[in-house]
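Everything on this sheet refers to the single structure shown next.
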Amino acid sequence: MKDSQTRVDKIVETLSQRLANGLYRIGERLPSIRRAAQEHGVSKNTMADAYDRLVAQGLLQARPGSGYYVSRRELPQTSPAPPHLAAAVDLVSLLREQLDRHYEVRPGDGRPPASWTEGSELRRHFAGRGIAGSSADDFGYGHARGFEPLRDRLRLMLMERSITAKPDGLLLTHGANHAMDLIIRHFLQPGDTVLVDEPGYYPLFAKLALAKVNMIGVPRRVDGPDPEEFELKLARHRPKLFFTQSQAHNPTGGSLAPSVAFSLLQAAEKWGVLIVENDAFADIVPPESPRLAALDQLNRVIYIGTFSKTLSASLRCGFLSAHPSLVAPLTDMAILTTVATSDFVERFVFGLIQSGQYLRHLRRLRARVEAANEKAVDALDQAGLDVHPSRVPGFYLWAEFRRPLNELDLFQAAVRQSIFLAPGSMFSPQRTQGARAAIRVNVAHATDPRFLSFLKSAARSSA
């Protein structure tokens with residue numbers, strides 16, 4: 001295994017150098033796995049691993065049934081900013097200086113030197129996993145906007161989705177919920193009004209309620225938010241923000257259509273509202289899927305992503321991307337509220353991406369999601385519920401009962417049988433009178449025999 005890994009490393013290094021020297025043009029097809037394996041004197045599996053590593057690093061693009069193509073596009077760069085020479089006298093700049101470290105002599109620092117901890121057990125445990133390097137700064141707070149190599153890799157991933165983020169236009173966060181917290185804290189005051197998807201993401205509703213913000217729902221259709229209702233409510237309520245989720249929508253599983261995306265952006269431009277686009281499931285849907293941030297290019301859209309949904313809920317790692325003029329105050333808010341994100345977590349995630357492990361994980365995850373969706377739709381239909389399959393399979397389905405039914409009674413009955421349900425009313429800021437009883441179903445658990453038996457019994461009792 002060690003020898004095979006060494007061969008993969010050497011091939012990746014060789015091909016990376018060839019790409020850097022311009023021996024392959026952008027869009028050019030590389031030799032097939034069979035031919036490249038013969039050229040490098042390795043097995044086809046070893047060559048496939050090397051190509052996958054280059055795909056994971058953003059250097060190649062894999063086209064099923066066709067091969068591997070050069071895909072790297074250079075990230076736009078800004079000229080380096082001069083060192084920050086202003087005295088750190090206010091709270092934000094004092095905290096920022098402890099992260100970005102512009103001064104050489106540091107008696108005002110609030111922490112012991114990182115070099116004092118570099119010989120601890122932390123280094124021994126983390127270095128073996130590729131998380132900590134040889135620098136003493138590995139045990140510091142990190143950068144104000146997060147681990148720079150991961151930020152650069154995310155900018156490349158966004159380019160695959162046709163979204164161009166500037167170097168100072170991306171901030172790493174403790175997941176998507178942290179990103180939303182920062183946006184709410186910065187933009188909204190008690191009594192302000194926002195628009196949200198209805199049904200929509202219930203943790204967001206809780207955050208907005210905590211901030212004493214008024215929520216107005218925009219009906220969610222299978223192809224995205226209703227454009228006519230969106231503009232009508234923009235004119236009537238003059239909200240500050242619109243929170244939405246374009247792809248693999250939580251809770252309905254629906255996905256945004258291009259025509260709807262254009263209409264939403266036109267209305268947002270007309271009425272001067274910012275859009276917050278949560279793309280938590282971006283890594284399991286095609287990169288070319290319609291996104292508001294791709295059409296808008298981060299002028300009026302704040303784009304949110306996370307690894308918590310596709311990698312691990314315990315790895316609190318996400319990001320927001322927007323125009324630099326918006327990212328700057330959001331960075332200050334992040335510094336004031338959490339000081340910094342976890343450099344260790346970000347290094348770990350970056351290592352998974354660069355090694356190709358995350359790419360292989362996503363392939364398995366997509367296959368599981370697609371298979372589970374197909375089985376879930378059939379099972380729920382047979383149990384007596386109406387389901388609208390999404391064009392792009394995701395984690396959730398929205399299932400409506402065909403006959404009148406009290407959701408609270410249903411939920412309590414499920415509790416007695418140790419079945420956890422997510423009632424439809426939880427996903428609406430103001431539940432519409434007369435709306436059909438519904439539940440959000442996680443496709444991973446949709447075919448559980450006890451759950452399906454419970455649904456069939458509930459459907460019969462409502463007849």
Side-chain angles (χ1 to χ4, degrees), residues 56 142 145-147 149-161 163 165 169-186 196-197 200-207 243-251 253 255-256 275-287 289 291-294 298 301-322 326-327 330-331 333-334 337-338 340-354 357-359 361-362 365-366 369 392-396 440 442 444:
R145 291 196 300 272
F147 186 50
L150 179 57
R151 284 188 283 122
D152 286 343
R153 186 65 191 91
L154 283 168
R155 288 171 58 216
L156 282 172
M157 292 169 72
L158 291 183
M159 290 182 76
E160 294 172 2
R161 303 170 201 169
I163 302 169
L170 192 145
L171 169 68
L172 295 180
T173 65
H174 296 290
N177 275 283
H178 180 217
M180 286 186 283
D181 282 336
L182 296 175
I183 292 166
I184 291 169
R185 282 175 178 261
H186 174 67
V196 296
D197 287 338
Y201 186 51
Y202 74 88
L204 169 65
F205 300 161
K207 296 177 189 299
F243 291 86
T244 189
Q245 188 174 350
S246 294
Q247 299 297 324
H249 177 250
N250 184 0
S255 294
L256 185 69
I275 297 177
V276 181
E277 183 178 29
N278 181 3
D279 203 7
F281 302 102
D283 289 344
I284 64 168
V285 303
S289 300
R291 292 177 170 89
L292 296 167
L298 301 176
V301 174
I302 302 174
Y303 182 82
I304 294 174
T306 181
F307 292 99
S308 299
K309 295 291 188 183
T310 54
L311 190 53
S312 171
S314 295
L315 286 173
R316 306 308 302 169
C317 183
F319 67 94
L320 65 81
S321 189
L326 298 181
V327 172
L330 290 170
T331 302
M333 182 62 70
T337 54
T338 61
T341 50
S342 172
D343 206 54
F344 283 137
V345 169
E346 291 162 3
R347 287 170 182 267
F348 180 72
V349 171
F350 177 72
L352 291 178
I353 295 173
Q354 288 296 93
Q357 291 176 317
Y358 185 54
L359 176 64
H361 163 71
L362 289 177
L365 183 60
R366 291 188 194 110
V369 169
V392 180
F395 285 6
Y396 308 115
R440 184 196 69 180
N442 185 319

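Computed from a prediction, not measured in an experiment: that's the story for all the values here.
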Query raised in the report: Centroid-to-centroid, Phe307 to Tyr358, below 6.0 Å?
Result: yes
Report task. Could you tell me which residues satisfy ring-ring contact (aromatic ring centres under 6.0 Å, His included) with Tyr202, sequence neighbours excluded, listed by chain and number? Result -> Phe427
Report task. Report the residues that fulfil ring-ring contact (aromatic ring centres under 6.0 Å, His included) with Tyr303, sequence neighbours left out, ordered by chain and then residue number. Result -> none
Report task. Go through Ser321 and Leu158 one step at a time and tell me if the side chain to side chain contact (heavy atoms under 4.5 Å, CB included) criterion holds. Result -> CA-CA 9 Å; Ser321 189; Leu158 291 183; 4.0 Å; yes
[atom1]-[atom2] distance between [X] and [Y], expressed to the nearest 0.5 angstrom:
{"X": "Phe281", "Y": "Thr310", "atom1": "CZ", "atom2": "OG1", "result": "9.0 Å"}
{"X": "His186", "Y": "Ile302", "atom1": "NE2", "atom2": "CD1", "result": "8.0 Å"}
{"X": "Leu326", "Y": "Thr331", "atom1": "CG", "atom2": "OG1", "result": "10.5 Å"}
{"X": "Gln357", "Y": "Leu311", "atom1": "CD", "atom2": "CG", "result": "10.0 Å"}
{"X": "Ile183", "Y": "Met180", "atom1": "CD1", "atom2": "CE", "result": "8.0 Å"}
{"X": "Leu156", "Y": "Ile353", "atom1": "CG", "atom2": "CD1", "result": "10.5 Å"}

Quick check: closest heavy atoms across [X] and [Y], and the distance to 0.1 Å?
{"X": "Asn177", "Y": "Pro203", "result": "OD1-CB, 4.0 Å"}
{"X": "Arg366", "Y": "Asp283", "result": "NH2-O, 2.9 Å"}
{"X": "Glu277", "Y": "Ala293", "result": "OE1-N, 2.9 Å"}
{"X": "Gly394", "Y": "Ile284", "result": "CA-CD1, 4.4 Å"}
{"X": "Thr306", "Y": "Phe319", "result": "N-CE2, 4.2 Å"}
{"X": "Gly146", "Y": "Thr341", "result": "CA-OG1, 4.0 Å"}

Report task. Count the heavy atoms belonging to other residues, nucleotides or ligands that lie under 6.0 Å from CZ of Arg185, then report whether that count exceeds 12. Result -> no
Would you mind reporting whether [Y] and [X] have side-chain heavy atoms less than 4.5 Å apart?
{"X": "Leu171", "Y": "Leu182", "value": "yes"}
{"X": "Arg145", "Y": "Leu170", "value": "no"}
{"X": "Leu292", "Y": "Thr244", "value": "yes"}
{"X": "Thr173", "Y": "Ile304", "value": "no"}

Requested in this report: Take Arg291 and Arg161, measure what side chain to side chain contact (heavy atoms under 4.5 Å, CB included) needs, and give me the verdict at the end.
Outcome: CA-CA 8 Å; Arg291 292 177 170 89; Arg161 303 170 201 169; 3.9 Å; yes
Query raised in the report: So, Asn250 and Arg440: side-chain donor and acceptor under 3.5 Å apart, yes or no?
Result: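 Side chains of Asn250 and Arg440: pair found under 3.5 Å.
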Query - Set of residues satisfying side chain to side chain donor-acceptor pair (under 3.5 Å) with respect to His249, sequence neighbours excluded - result: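 For His249 the side chain to side chain donor-acceptor pair (under 3.5 Å) partners, ignoring immediate neighbours, are Asp197, Thr252.
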Query raised in the report: Quick check: does any side chain N or O of Arg155 sit under 3.5 Å from a backbone N or O of Ala165, one acting as donor and the other as acceptor?
Result: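 At least one qualifying donor-acceptor pair exists.
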Query - CA sep, side-chain torsions, deciding dist, call: Leu154, Leu172, side chain to side chain contact (heavy atoms under 4.5 Å, CB included) - result: CA-CA 10 Å; Leu154 283 168; Leu172 295 180; 3.5 Å; yes
Query raised in the report: Thinking salt bridges, do Asp279 and Lys309 make one under a 4.0 Å N-O criterion?
Result: no
